[in-house]
Amino acid sequence: KPWRQKGTGRARVGSIRSPLWKGGGVIFGPKNKDYSKKVPQRMKVMALKSALNAKLNSKEIVVINDIKLDSHKTDNLSKILDKLNLRDTKAKLVVEKMDPNLKLASRNIPLVSLEKASELHTYGTLDCKRLVVTASSLKILENRVKKWLK
């Protein structure tokens, strides 16, 4: 209390931290508001289908049988990318399951990213210039889309 309650002739005051005082608290101060919106699973799958369809129509999907690397060397993967004419283009490799050699070889190439077919999302699909999909992962993507769009 800045002064006692009675005897001074002034109004009674509880604290100098009162919002009415200079340097005091803030009345109805800012509150954190969550502006995020929950997107339904079906809508996410529809967006992925639309993104894959757009890539297919613009001929930006490359389907290959499989990517097998003997060692984890980046040079081995860059030779494969050279054969596919993907040297200086942003590409995403979509595989059925993560191969340790492929993961290690791809992480040192700046324009190439690696992703599992079960975890592919719309932004990742649209963010690259070329989508390199293995045949087995193409079936997984097809099943993901079919499951939700009956």
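Treat the numbers as computed from the prediction; the structure is a model and nothing was measured.
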Quiz item: Could you state the interatomic distance from NZ (K90) to CZ (R130), rounded to the nearest 0.5 Å?
Solution: 14.5 Å
Practice problem: Please round to the nearest 0.5 Å and tell me the distance separating atom CG of L138 and atom CG of N143. | Solution: 10.0 Å
Self-check item: With sequence neighbours excluded, residues passing side-chain hydrogen bond (donor to acceptor under 3.5 Å, both in side chains) with K92
Solution: S113, E115
Quiz prompt | Residues that N85 engages under side-chain hydrogen bond (donor to acceptor under 3.5 Å, both in side chains), provided they are two or more places apart | solution = none
Quiz item: Between CD1 of I61 and NZ of K59, what distance do you get to the nearest 0.5 Å?
Solution: 11.5 Å
Quiz item: Taking atom CE of M43 as the centre, does the number of heavy atoms from other residues, nucleotides or ligands within less than 6.0 Å exceed 12?
Solution: no
Quiz item: Rounded to the nearest 0.5 Å, what separation is found between the CD atom of E60 and the NZ atom of K129?
Solution: 4.0 Å
Exercise. Determine whether more than 12 heavy atoms belonging to other residues, nucleotides or ligands lie under 6.0 Å from atom NZ of K6.
Key: no
Practice problem: Consider only side-chain N and O atoms of N76 and S71, and report whether a donor and an acceptor are under 3.5 Å apart. | Solution: yes
Quiz prompt | K49 atom NZ, neighbour heavy-atom count above 12 within 6.0 Å | solution = no
Quiz prompt | Residue pair D75, S78: steps toward the side chain to side chain contact (heavy atoms under 4.5 Å, CB included) verdict | solution = CA-CA 5 Å; D75 191 46; S78 61; 3.6 Å; yes
Self-check item: Exercise: identify the closest heavy-atom pair between A51 and T125
Solution: CB-CG2, 4.0 Å
Quiz item: Do L102 and I64 share a hydrophobic cluster, counting only Ile, Leu, Val, Met, Phe, Trp and Tyr and linking them when any side-chain heavy atoms are less than 4.5 Å apart?
Solution: yes
Quiz item: Would the number of heavy atoms belonging to other residues, nucleotides or ligands and lying under 6.0 Å from CG of N57 be above 12?
Solution: yes
Quiz item: Below 4.5 Å, heavy atoms only, C-beta onward: do L69 and I80 meet side chain to side chain?
Solution: yes
Quiz prompt | Contacts of type side-chain hydrogen bond (donor to acceptor under 3.5 Å, both in side chains), residue K44, not counting sequence neighbours | solution = none
Quiz item: CG of D70: more than 12 outside heavy atoms within 6.0 angstrom?
Solution: no
Quiz item: Under 3.5 Å, side chain of S137 to main-chain N/O of A117, donor-acceptor pair present?
Solution: no
Exercise. Treating Ile, Leu, Val, Met, Phe, Trp and Tyr as nodes and any side-chain heavy-atom pair under 4.5 angstrom as an edge, say whether L104 and I109 lie in one connected cluster.
Key: no
Quiz item: Measuring from C128:SG to K55:NZ, what's the distance to the nearest 0.5 Å?
Solution: 4.5 Å
Quiz item: Of all heavy-atom pairs between V13 and P2, which one has the smallest distance, and what is that distance?
Solution: CG1-CG, 3.6 Å
Quiz item: Could you walk me through whether R144 and L141 pass the side chain to side chain contact (heavy atoms under 4.5 Å, CB included) check?
Solution: CA-CA 5 Å; R144 276 181 62 191; L141 288 173; 4.1 Å; yes
Exercise. Please lay out, stage by stage, how R87 and L111 fare under the test side chain to side chain contact (heavy atoms under 4.5 Å, CB included).
Key: CA-CA 9 Å; R87 188 60 162 158; L111 295 175; over 6 Å; no
Practice problem: Would you kindly confirm whether V63 and V132 end up in one hydrophobic cluster when ILVMFWY residues are joined by side chain heavy atoms under 4.5 Å apart? | Solution: no
Quiz prompt | Intermediate values then yes/no, side chain to side chain contact (heavy atoms under 4.5 Å, CB included), L52 and L131 | solution = CA-CA 9 Å; L52 288 171; L131 202 62; 3.7 Å; yes
Exercise. Nearest 0.5 Å please: distance from the CD atom of E96 over to the OG1 atom of T134.
Key: 6.5 Å
Exercise. Consider only side-chain heavy atoms of I, L, V, M, F, W and Y, link residues closer than 4.5 Å, and tell whether L114 and L86 are in one cluster.
Key: yes
Quiz item: Quick one: do L84 and L56 end up in the same hydrophobic cluster if we chain Ile, Leu, Val, Met, Phe, Trp and Tyr together by side-chain heavy atoms under 4.5 Å apart?
Solution: no
